[in-house]
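The figures here come from the full heavy-atom set of this structure, side chains too, leaving out hydrogens, waters and symmetry mates. Note that the structure is a prediction, hence the values are computed from the model and not measured. Each chain gets a letter, A, B and so on, in the order the sequences are listed, and its residues count up from 1.
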Number of protein chains: 2
Amino acid sequence: MAEGPNISRVAALIGDPARASILVALMRGQALTVSELATEAGVGLPTASSHLAQLQAGGLVAPRKEGRHKYFRLASEGAAGVIEALMGFAGDLPAPKRAPGPRDPALRRARVCYNHLAGEMGVRLYDSLIARGHLVTGTEGMTLSPGGWDFASDFGITSGSFAGLRPPLCRECLDWSARRSHLGGRLGRAFLGAIEAKGWARRLAGTRIIAFTPEGERAFARAFP
Amino acid sequence: MAEGPNISRVAALIGDPARASILVALMRGQALTVSELATEAGVGLPTASSHLAQLQAGGLVAPRKEGRHKYFRLASEGAAGVIEALMGFAGDLPAPKRAPGPRDPALRRARVCYNHLAGEMGVRLYDSLIARGHLVTGTEGMTLSPGGWDFASDFGITSGSFAGLRPPLCRECLDWSARRSHLGGRLGRAFLGAIEAKGWARRLAGTRIIAFTPEGERAFARAFP
DNA sequence: ATCATGCTTCGTTTATGATCGAACCATGGC
DNA sequence: GCCATGGTTCGATCATAAACGAAGCATGAT
């Protein structure tokens, strides 16, 4: 039965090198996918999956499904506090603090995530829609407000292009570089399509970079203040 | 090489149930012997010894040799802080706080420890000698001050009774019930002998209890205010 | 000196759990 | 419908380390 104080259960979880690497990586505050955490810990994907299940059962991390990815973050302030106390004692104090996400500035600025706009521009679009009340969170997740529908129409998005389709219209999507949300789902795809249709930007072949033209960038800034 | 953040080394130490029990026991603030900690953790003496060596190497506990016993305590505030953070998170918060030492009040009050006086009376004797400057800590450990020699003579302790003998004259000895020091070593033995010679107290056969007579207790209180 | 006690060291056994490959499920893009 | 990708589950392998008995040291009592 391996009795002992509860404290040992928690400590044993953190005591495995792979799990500790995962937790330290999550101390940056960002939510990370299972694959990213597997790389971070230097183990295979199945192993990471198993570790994350244990950490979740122990109340140290919490999952969040996002499309076909599964993001994990630290479960609570308390959990972060425990890790921090340990790092302080162990002398790991200068928290790794690596720059999150891709190194390439162009990728950080604007890139395609599945099929919608991500990166700084994506966050900006999302924030702008929220700030102006075009995007609201209802009981069934995110939806466009009436004003939002108007705005989308004006932007060149026809409601017919995705009427009646099951998959979620809007979806929050955790950003990769900033720990911010941006707009995913079918609506996010439509916005990216409209932006391309307007000639503001185009996808660079073979990469995930979305290159804005100088005028496109100015127009974008006007459209999403 | 089993790399990983330092944090996992520390956590792995705490992660073993036996070691966690030891650390929780030490959270009371008291220093405990290897045997006591072995009982506390529910493991054999060799196992406890091994665990303590690891905890010491990890900087979590610190040893203190005292005669043929070896007392361990938490190594630092930082170490205690880590345990406390873990206990808070794990819900062990109401720290066990069992009453330390023997349950028998008579044993807590006055008992023989090896061959000197321990328990509350022992602590009182020690404190009194320190407070009046009879006992001072020098480079070579504790010694009697000149005034202390006079006091001892008046008490019926002849310097001849232990002149020229190698073993330490005075020695701090960690108390068992309070986490206080009391006077051990050759001098502690001499004091107990003098107290018995004066008829203030006597050892109860078959036990470790030292029974003071009512007058003896009053005289003791006058002699060691 | 001898004995007893507290602790350490050594060597062996044993069990727990980390790891990965392979197969399986779910989601998204086409 | 198909394929590709991210994740999970299962099973087998393998290493680490916890535990204890026995023997060795050291200290203190007598």
Atom pair distance, as rounded to whole Å: CG in A:Leu52 and C1' in D:dT8: 12 Å

B:Leu37 atom CG is separated from C:dT8 atom P, nearest whole Å, by 11 Å

In this structure, how many angstroms lie between the P atom of C:dG17 and the CG atom of A:Leu13, rounded? 10 Å

The side chain of A:Thr33 lies closest to which of these nucleotides: D:dG7, D:dT5, D:dG28? D:dG7

From C-beta outward on A:Lys70, which listed nucleotide comes closest to its side chain: C:dT8, D:dG7, C:dG28? D:dG7

Please report, to 0.1 Å, the donor-acceptor pairs under 3.5 Å made by any side chain of residues 43-54 of chain A, with sequence neighbours excluded.
| unit_1 | atom_1 | unit_2 | atom_2 | d |
| --- | --- | --- | --- | --- |
| A:Ser50 | OG | A:Gln54 | NE2 | 3.4 |
| A:His51 | ND1 | A:Arg19 | NH1 | 3.1 |
| A:Gln54 | OE1 | A:Arg19 | NH1 | 3.2 |

Would you indicate whether the side-chain heavy atoms of A:Val82 and A:Ile14 approach each other to under 4.5 Å? yes

With rounding to the nearest 0.5 Å, note down the distance linking CZ in A:Phe72 to CG in A:Leu23. 11.5 Å

So does A:Ser49 get a side-chain nitrogen or oxygen closer than 4.0 Å to the phosphate oxygens (OP1/OP2) of D:dT8? yes

Round to a whole Å and report the spacing from NZ of B:Lys65 to P of D:dC25. 15 Å

Kindly indicate whether the side chain of A:Gln56, heavy atoms from C-beta on, has any atom under 4.5 Å from the side chain of A:Leu60. no

Whole angstrom is fine here: how far is it from CZ in A:Arg68 over to P in C:dT27? 11 Å

Protein within reach of the bases, or only the backbone? For nucleotides 10-24 of chain D, mark each nucleotide 5' to 3' as B, S or -, using heavy atoms under 4.0 Å. --------SSBBB--

Can you tell me if A:Thr33 and A:Glu36 form a side-chain donor-acceptor pair at under 3.5 Å? yes

How many whole angstroms separate atom CD of B:Gln56 from atom P of C:dT8? 9 Å

So do the side chains of B:Ile195 and B:Phe220 get within less than 4.5 Å of each other, counting heavy atoms only? yes

